[in-house]
J.: 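One structure coming up, written as structure tokens, with questions to follow.
Sequential numbering from 1 along the given sequence is applied to the chain's residues.
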Amino acid sequence: MPTRMLREGILTSERVASLTWPEEVFYRRLMSVVDDFGRYYATPMLLRAACYPMQLNKVSDPDIEKWIAGCVTAALVRVYPAKDGKRYLELLDFRQQVRAKASKFPYMQCTCAADAKQTGIRCEACAHLDVFGDEDEDEDDKRR
């Protein structure tokens, strides 16, 4: 299991605060199972086994579905289909230091005619929201 570093901004994030307690616990556990790009399977059975291996009898697949929906509504997670026909999820603005060269899971296909490299603008579907409220930190990093 990869080592993750959580920023203190998670404690003051309005989006995280909008989650119910079970949704927040799920979201935090999800951070421990996603790959370096913040991606994982969106199948409830796989998520339940990965996030709650010692509590399988306490958590159901419908619970996982409900908690995913809460995280999606809070704009913390997106669920998407990939070319392989499976559904995956991605933590928005995961921003971990990436050790891996490529994600173990497929990325979401952008439907934009032009991407951000061409236009300098990201489409609505591709734009990530700032989960932990540290936009200023990113600007500081760019200046360094």
J.: What distance separates Met45 CE from Ile64 CD1, expressed to the nearest 0.5 Å?
T.: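 Met45 CE to Ile64 CD1: 12.0 Å, rounded to 0.5 Å.
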J.: How many angstroms lie between SG in Cys71 and CG in Leu92, if you round to the nearest 0.5 Å?
T.: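 Spacing of SG (Cys71) from CG (Leu92) equals 10.0 Å.
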J.: Between the main-chain N or O of Cys51 and the side-chain N or O of Arg29, is there a donor-acceptor pair closer than 3.5 Å?
T.: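 Looks like yes, one N/O pair under 3.5 Å.
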J.: Where do Ala74 and Leu19 come nearest, in terms of heavy atoms and distance?
T.: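 Closest pair (atom of Ala74, atom of Leu19, distance): CB-CD2, 3.8 Å.
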J.: Got a second to check how far Arg87's CZ is from Tyr80's OH, nearest 0.5 Å?
T.: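 The distance works out to 11.5 Å.
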J.: Could you pull out all residues at least two apart from Thr73 that satisfy side-chain contact (heavy atoms from CB on, under 4.5 Å)?
T.: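 For Thr73 there are no side-chain contact (heavy atoms from CB on, under 4.5 Å) partners, ignoring immediate neighbours.
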J.: Could you give me the CA-CA distance, side-chain angles and deciding distance for Val16 and Glu24, then say whether side chain to side chain contact (heavy atoms under 4.5 Å, CB included) is met?
T.: CA-CA 7 Å; Val16 173; Glu24 183 173 345; 3.8 Å; yes
J.: For the ring pair Tyr88 and Tyr41, is the centre-to-centre distance below 6.0 Å?
T.: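 Yes - the distance between ring centres of Tyr88 and Tyr41 falls below the 6.0 Å cut-off.
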J.: How many angstroms lie between CH2 in Trp67 and CG in Leu47, if you round to the nearest 0.5 Å?
T.: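 Output value for this atom pair is 11.0 Å.
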J.: What pairs meet the salt bridge (Lys or Arg N to Asp or Glu O under 4.0 Å) rule with one or both residues in residues 45-61, with sequence neighbours excluded?
T.: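 Checked against salt bridge (Lys or Arg N to Asp or Glu O under 4.0 Å) - neighbours excluded - the pairs reaching residues 45-61 are Arg48-Asp61.
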J.: Are any non-hydrogen side-chain atoms of Ile10 and Arg28 less than 4.5 angstrom apart?
T.: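 Yes, their side chains come closer than 4.5 Å.
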J.: Drop me the distance from Leu91's CG to Leu30's CG, to the nearest 0.5 angstrom.
T.: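 CG of Leu30 is found 4.5 Å from CG of Leu91.
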J.: Parallel, tilted or perpendicular: which describes the rings of Phe26 and Tyr52, with under 30° parallel and over 60° perpendicular?
T.: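 Phe26 vs Tyr52 ring planes: parallel.
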J.: Just grab all the salt bridge (Lys or Arg N to Asp or Glu O under 4.0 Å) pairs involving residues 62-73, residues at least two apart or on different chains.
T.: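 Every candidate salt bridge (Lys or Arg N to Asp or Glu O under 4.0 Å) pair involving residues 62-73 fails, so no pair, neighbours aside, qualifies.
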J.: Is there a donor-acceptor pair closer than 3.5 Å between any side-chain N or O of Thr43 and the backbone N or O of Leu46?
T.: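 No, the answer is negative, given that no donor and acceptor are paired below the 3.5 Å cut-off.
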J.: I'd like to check Tyr40 versus Asp35 (side-chain heavy atoms, cut-off strictly below 4.5 Å). Are they in contact?
T.: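 Counting from C-beta outward, Tyr40 and Asp35 never come under 4.5 Å.
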J.: To the nearest 0.5 angstrom, please state how far the CG atom of Leu76 sits from the CG atom of Leu89.
T.: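 Those atoms lie 12.0 Å apart.
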